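Working notes, structure below.
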Amino acid sequence: MKRRGLWIGLAGLIVAGLAVASAIVYEPSIAPIATPSPDSFDVTLKQEGARIVALGDCVVCHTAKDGKPFAGGLPLHTPFGTIYATNITPDSQTGIGTWSEAAFKRAVRYGIARDGHHLYPAFPYVHFTRMSDHEISAAYAYLMSREPVNVATQRNQLIFPLNFRQFVAFWNVLFLRPGPRNADSTHDVQWNQGKLIVDGLGHCASCHSPLNAIGGEKSGQAFDGGIVDGWEAPALNALGSAAKPWTKAQLVTYLRTGRASEHGAAAGPMLPVTRDLATVPEQDVEAIATYILSLQKAAPPSVAQASQRETTAAEQRGAVLFNASCAQCHGPGSPMQVIGERPTLAFSTAVNASTPRNAVQMMLNGINWHGEDATNYMPAFIDVYDDRQIADLAAYLRGAYSNKPAWRDVESMAAQLRKEDRAQ
Ligand code: HEC
Ligand code: HEC
Ligand code: HEC
């Protein structure tokens, strides 16, 4: 199903793209400049830039595993192939050292590189386009005063016809609405500030919304939840109907620390986002929380559950494994819950979600050891349990900690995610 939509989408893209591509070839190139000295930028502007760059997660994508910050090389896997984030340090050969501020502004606002080629929308310029001129200047000042790193970016591996960048021109007609927006006078300053960050720099919707066959965010479904790197990014407009509805304080804590005492912890693609949000002023995160909480849809009427239910054989097997490997942390009265004030799994989004995806990812990968903080460590079970055992554990978690219907096909999902995780 999903694949068929993809191919119909691609066929449409080819036809329409050819028409547009023949008309638009390249945007003009912007002349290279001599790399400006870091001292040529105002100190306060550079400091403001640190905040902008953190809100935009620039370092998350533009840094390879074990690579130098901003030197690029991180592979982004899309249904159309692999795109490598580029080097955005001020190196004159391999980075953006010869980019004027005008060239930089055109890239973040219109997705066009200095030499005029279109950038792929894996770079979230459809969101960054909302940045104000001042924010763009600040980000530029900050990036141009980083350490230059000489590393060439790997070539992208994309399928035909998307390996032709001109097709992005057509994509932009559909999905790019360039430029900042005016504030909404029916809401207060904090709400507007939150909306500006969430829709712009924070590009929250790029992960938390479903994508269509050509990789654009489905219209009218912003924040309905999406899939990114094998994880589910939960709906942000249903936080009010969680097992324990999110409060503003919990949301601020989660966004700034990666965990919330009544919900659980970020361990997947959200974790680096929270690390960046930990460095920005708290008012920014409060504004984000205010705006996100204003997006809540009414909860669907809850379906009455049969109160007496036989436990299945899978749940019984899962219960044994849970006692062997999980109860010391997740069981009632465990040090993690008593001393660490960690929540019961009953409030976990992963355990209550409609698919077992994040619960399985959590079991396979755990949460890495981050130095001193022993209450935020979970071992990875990828080498401990096979797919059926993971499915049994999932069946137990779902039965014991949630009153939602049992998940289906967990074993095949475990097999698929295990394969993807091993490939990373
Ligand atoms: C979700 C991942 C992601 C994030 C977040 C991101 N980028 Fe990028 N960026 C990319 C990718 C991928 C490319 C390369 C696109 C291509 O090759 O077509 C890119 C390209 C660029 C380019 C063009 C560089 C060149 O040499 O062509 C600039 C400038 C840039 N990004 C700046 C930023 C800034 C500033 C931020 C933060 C505000 C940021 N990026 C955040 C993924 C990201
Ligand atoms: C050493 C302690 C430890 C062990 C053992 C452990 N976990 Fe965890 N687990 C954690 C921590 C810490 C978190 C992050 C959530 C938090 O901080 O409350 C977590 C989170 C989870 C979550 C997601 C909850 C959420 O939404 O954040 C699931 C599901 C989970 N664990 C299942 C398991 C299962 C199943 C096992 C056994 C196979 C297991 N865990 C073993 C410590 C542990
Ligand atoms: C790179 C993709 C990505 C971006 C960008 C992103 N998120 Fe997330 N988010 C996720 C994923 C995936 C999860 C699931 C938890 C995990 O990763 O461990 C998540 C979890 C969350 C949760 C917990 C939801 C729940 O029901 O448990 C909240 C709240 C959240 N994100 C808010 C935001 C906000 C606000 C922004 C923008 C500032 C944002 N996210 C940007 C991918 C992303």
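Both counts, for ligands and for their atoms, begin at 1 and track the order of listing. Just so it is clear, the values below take in all heavy atoms, side chains as well, and ignore hydrogens, waters and symmetry mates. As the structure is a computational prediction, the values presented were derived from the model and not from experiment.
- At the shortest separation from atom 20 (C) of ligand 3 among protein heavy atoms lies Y254 OH, 3.4 Å.
- Interface of P343 with ligand 2, defined as ligand atoms under 4.0 Å from a residue heavy atom, comprises 18 (O).
- Of the protein's heavy atoms, H62 NE2, 3.0 Å lies nearest to atom 31 (N) of ligand 1.
- The protein atom (non-hydrogen) at minimum distance from atom 39 (C) of ligand 1 is F128 CE1, 3.5 Å.
- Each of the atoms 14 (C), 15 (C), 17 (O), 25 (C), 27 (O) of ligand 2 lies under 4.0 Å from some heavy atom of A265.
- Between Y254 and H263, the distance from one ring center to the other does not fall under 6.0 angstrom.
- In summary, D42 and K46 do not engage in a salt bridge, as defined by a charged side-chain N under 4.0 Å from a carboxylate O.
- In terms of protein heavy-atom proximity, atom 14 (C) of ligand 3 is nearest to E232 O, 3.4 Å.
- Contacts with ligand 3 closer than 4.0 Å are made by no heavy atom of D229, backbone or side chain.
- Considering only non-hydrogen protein atoms, atom 29 (C) of ligand 3 sits nearest to L251 CD1, 3.4 Å.
- Distance from atom 16 (C) of ligand 3 to its nearest protein heavy atom, with residue and atom name: G268 N, 3.4 Å.
- The shortest heavy-atom distance from A267 to ligand 3 is under 4.0 Å.
- With respect to R422 and D383, a salt bridge is recorded, a charged nitrogen being found less than 4.0 Å from a carboxylate O.
- Here H330 meets the criterion, with an N, O or S atom under 2.8 Å of atom 8 (Fe) of ligand 2.
- In this model, no donor atom of one side chain and acceptor atom of the other lie less than 3.5 Å apart for Y120 and T78.
- Among all non-hydrogen protein atoms, the one lying nearest atom 34 (C) of ligand 1 is C58 SG, 3.5 Å.
- Of all the heavy atoms of V60, none lies under 4.0 Å from any atom of ligand 3, so neither backbone nor side chain is involved.
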Using the ring-ring contact (aromatic ring centres under 6.0 Å, His included) rule, take F104 and W99 through it: C-alpha gap first, then chi angles, then the decisive distance, then the call.
CA-CA 6 Å; F104 180 79; W99 289 42; 7.2 Å; no

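- For a threshold of 3.5 Å applied to N or O pairs, the pair formed by H117 and ligand 1 contains no separation below that value.
- Distances between N or O atoms of Y385 and those of ligand 2 include no value under 3.5 Å.
- Only the side chain of L345 comes within 4.0 Å of ligand 2, counting heavy atoms alone; its backbone N, CA, C and O stay farther away.
- Nearest protein neighbour of atom 38 (C) of ligand 3, counting heavy atoms only, is C204 SG, 2.7 Å.
- Across G331, G366, C329, heavy-atom proximity to atom 2 (C) of ligand 2 is greatest for C329.
- A salt bridge is absent between K68 and E147; no separation between the charged side-chain nitrogens and carboxylate oxygens falls under 4.0 Å.
- When only non-hydrogen protein atoms are considered, atom 8 (Fe) of ligand 3 lies nearest to H208 NE2, 2.0 Å.
- Residue L397 has no nitrogen or oxygen atom sitting less than 3.5 Å from a nitrogen or oxygen atom of ligand 2, judged on distance alone.
- Aromatic ring centres of F167 and W171 lie farther apart than the 6.0 Å criterion allows.
- D199 has no carboxylate O lying under 4.0 Å from a charged side-chain N of R181, or vice versa, which leaves the two without a salt bridge.
- Annotation for ligand 2: atoms under 4.0 Å from non-hydrogen atoms of M363 are 35 (C).
- Note that CD1 of I88 and OH of Y140 are 12.5 Å apart. Values are rounded to the nearest 0.5 Å.
- Residue I367 has at least one heavy-atom neighbour below 4.0 Å for each of these atoms of ligand 2: 13 (C), 14 (C).
- When non-hydrogen atoms are compared, ligand 3 lies under 4.0 Å from the side chain of N358 (C-beta onward) but not from its backbone.
- Among all protein heavy atoms, the one lying closest to atom 17 (O) of ligand 1 is R165 NH2, 3.1 Å.
- Between I288 and ligand 3, not a single N/O pair is under 3.5 Å apart.
- Across the listed options W99, F123, Y84, W99 owns the non-hydrogen atom lying nearest to atom 26 (O) of ligand 1.
- In this structure, of A233, A235, G258, P234, the residue bringing a heavy atom nearest to atom 24 (C) of ligand 3 is P234.
- The distance from ligand 2 to the heavy atoms of L393 drops below 4.0 Å at these ligand atoms: 38 (C).
- In terms of heavy-atom proximity, L119 sits nearest to R165 at CA-NH1, 3.7 Å.
- Using a 4.0 Å cut-off to heavy atoms of S325, the atoms of ligand 2 that qualify are 5 (C), 37 (C), 41 (C).
- Looking only at heavy atoms of the protein, atom 27 (O) of ligand 3 is closest to T349 OG1, 2.5 Å.
- At a 4.0 Å heavy-atom cut-off, ligand 1 touches H203 through the side chain alone.
- Not a single N or O atom of D57, backbone or side chain, sits closer than 3.5 Å to an N or O atom of ligand 1.
- Ranking the protein heavy atoms by distance from atom 4 (C) of ligand 3 puts C207 SG, 3.4 Å first.
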